[in-house]
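Just below is one structure, and these are the notes that go with it.
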There are 2 protein chains.
Amino acid sequence: MSSTNALTSEELGSSAQRERRERILDATIALASQGGFDAVQMRAVAEQADVALGTLYRYFPSKIHLLVTALAREFERAEKVLATRAISGDTSADRVITVLRRTTRGLQGDPHLTDALTRAFMFADKSAAQEIHAVGMLLTRMLTRAMHPGIDEVSDDDIAIARVIGDVWLSALVAWVTGRSTAEETAAHMERAVRLILR
Amino acid sequence: MSSTNALTSEELGSSAQRERRERILDATIALASQGGFDAVQMRAVAEQADVALGTLYRYFPSKIHLLVTALAREFERAEKVLATRAISGDTSADRVITVLRRTTRGLQGDPHLTDALTRAFMFADKSAAQEIHAVGMLLTRMLTRAMHPGIDEVSDDDIAIARVIGDVWLSALVAWVTGRSTAEETAAHMERAVRLILR
DNA sequence: TCTCGAAGTGAAACGTGTTCCTATTATGTC
DNA sequence: GACATAATAGGAACACGTTTCACTTCGAGA
C-alpha cells in the first residue's frame, strides 16, 4: 500500500515490528527534545533505537516523515489528554484560547522538541502530505471541539474557522521558534486573533 | 556590523560588489524558478553567478539566508508594482482580497520559485530573523495599505489584523506548495478568512 | 609606483541525509 | 526440521551544504 510513505503501525505485522517502530519514534522524540531539529540525526536515531540505518529508512522514508509522524503521535496523545478534561470558558473564543494556551504552553515547555517538530511540519514537501494532513485534522478537531463542546456535528463554517485559527497558531509558533517573537507576544497575538475571528 | 547576516547592498562598497550580489540573487531566482528549493544548490548558484563558492558564502552565510534575501527582493519589486496601481474594491475586505489574489496568482504562476521561497521562509531559524522580519514588514505594509488606501497612519489594531491575514496567507501558501490544497481551494480559503476577519 | 590588507578563487575536506549492497537472521510453509 | 522469502544488520558510497586554506587579484594609501 504505502511505498513512499511511512509505515503506519496498523500495517505492521509482528509485534516486534510495532515495538521497533515505537522505539524509533521514542528515540526521535528524545533526541529532538534534547537538541532540536539538528540533533535528530538519522544515524543517532538508528543507534538509540537499536536499529540499523537501513531499517530506519525502511520504516520512515525520510527525516521529515519521521519527525512529522512523531509529531502526529505526540499530538494524538495530547488530544486524548485534552479530550478527557472539560474545557473551561463561557464563550467559544474563551474555550479556544484556553485550549491554545494550554497546548502552546506545553510546547514552549520543550523548545527543542517544538523546534524540531515545527520545522519538520513546515518543511515537509508533497511526499509527506498524508502525514501532514493527519496532523491538520487533529488540530482542526481539537479546535472545533473547543468551539462546540460535546457536539460532534460541525458545520463547514466551523471547520473553516478552525482552519483559520490553526493557520494563525502555526504561524505564531513558527515566529516563536525562529525567535521573532517571545512567548508572551505569541500568546497575545493568538488571543487577539481568536477574538477577532470568533465574535 | 553584520557578521552572521547577509550583506545588504547598502553596506557593499564598490559597484563591482553590488553587481556580484545582484548576479548571485539573479542566479538564485533563476535556479529556484526552474527546479524549486532543491535546484538551488550552492555550487550551481556560484557557477551561474560566476563567483567562487567561498565568495558566495561571504555574501550569504547560508542557503536559507540566500533564499530569504532573494524572496525579500522579489517582494519589494512586487510591492512597488502594486503601490503604483490603485486597488479596486469598495470595502477593506474586497481590496485585501484583490491584493492577495493578485499576489497569489503571481506566485502560483511560478510554482517552483514559490516552493523554494516559501520553504526557505518557513525553515529559516533565528539567524535569519532579520531577513524574515523584513519580509514580514513588507507583507504587513502591503495589507494595511490595501485596508486603508492612501493612509500611512495605521493603528495597532490594523497591524494586528494585517498580521493575522498574513499568517493565514502564509499557511495557505504552504498548504498549496506541499500539495495539500489546490490553487482554487487556497484562494477560497483565503477569501473566506479575510471576510471572517475584516467585517 | 609600491605595498599591504581585504576580497576573490579554486579545490579539498567534512558532516549529515540518503542510497545501495551483501551477509545474516526471522518468519512462515511444506 | 528444511526451505523459501522477507526483514534486518552493518557498512560503504554518494550528494550537497558548509568550512577551510593556500594562493591570487584588486584597490586604497604612502
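Order of the sequence lines fixes the chain letters, A, B, ..., with proteins taken first and strands second; residue numbering starts at 1 for each chain.
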From the candidates C:dT18, C:dT9, D:dG17, the one with an atom nearest any side-chain atom of B:K63 is D:dG17
Note: for A:A52 and B:D38 on DNA chain D, the residue whose nearest nucleotide lies more 5' is A:A52
Winner on side-chain proximity to A:L53, out of D:dA9, C:dT18, D:dT19, is C:dT18
Between CG of A:L56 and P of C:dT16 the distance, given in whole Å, is 15 Å
>> Between B:R43 and D:dC16, is there a contact of a side-chain N or O with OP1 or OP2 at under 4.0 Å?
In response: no
Rounded to whole Å, CD1 of B:I64 lies from P of D:dT18 at a distance of 8 Å
Rounded to whole Å, CG of A:L66 lies from P of C:dT18 at a distance of 10 Å
Quick note, A:Q41 side chain, CB onward, closest among D:dA9, D:dC16, C:dG17 is C:dG17
Atom CD1 of B:I24 and atom P of C:dA7 are separated, to the nearest Å, by 14 Å
For D:dT8 and A:Y59 - does any side-chain N or O of the residue sit under 4.0 Å from the phosphate oxygens OP1/OP2? yes
To the nearest angstrom, the CD-C1' distance between B:E47 and C:dG10 comes to 13 Å
Side-chain contact test, heavy atoms from C-beta onward, threshold under 4.5 Å: evaluate it for B:R21 versus B:F60 and give yes or no.
yes
When rounded to whole Å, the NE2 to C1' distance for the pair A:H65 and C:dG17 reads 14 Å
- Task: Indicate if A:L138 and A:L71 have the same hydrophobic cluster label, given that clusters are the connected sets of ILVMFWY residues with side-chain heavy-atom separations under 4.5 angstrom.
- Result: yes
Review point. For B:V40, which contact category applies under a 4.0 Å heavy-atom criterion: base, sugar-phosphate, or nothing?
Key: sugar-phosphate
Atom CZ of A:R20 and atom P of C:dT25 are separated, to the nearest Å, by 14 Å
Minimal heavy-atom distance between A:K63 and A:V40, with the atoms involved, is NZ-O, 3.0 Å
Rounded to whole Å, CG of A:L31 lies from P of C:dT16 at a distance of 13 Å
Quick note, B:Y57 side chain, CB onward, closest among C:dT18, C:dG8, D:dG17 is D:dG17
Per atom distances to the B:R58 side chain, the nearest of C:dG17, D:dT18, C:dA7 is C:dA7
Distance col, row A:S127:OG vs A:I132:CD1, nearest 0.5 angstrom, shows 9.5 Å
Judged by nearest nucleotide, the residue sitting upstream toward the 5' end of DNA chain D, B:M42 or A:R23, is A:R23
Are the charged groups of B:R73 and B:E76 less than 4.0 angstrom apart, N to O? no
Regarding the side chain of B:T55, the nearest nucleotide among D:dT18, C:dG17, C:dT9 is C:dT9
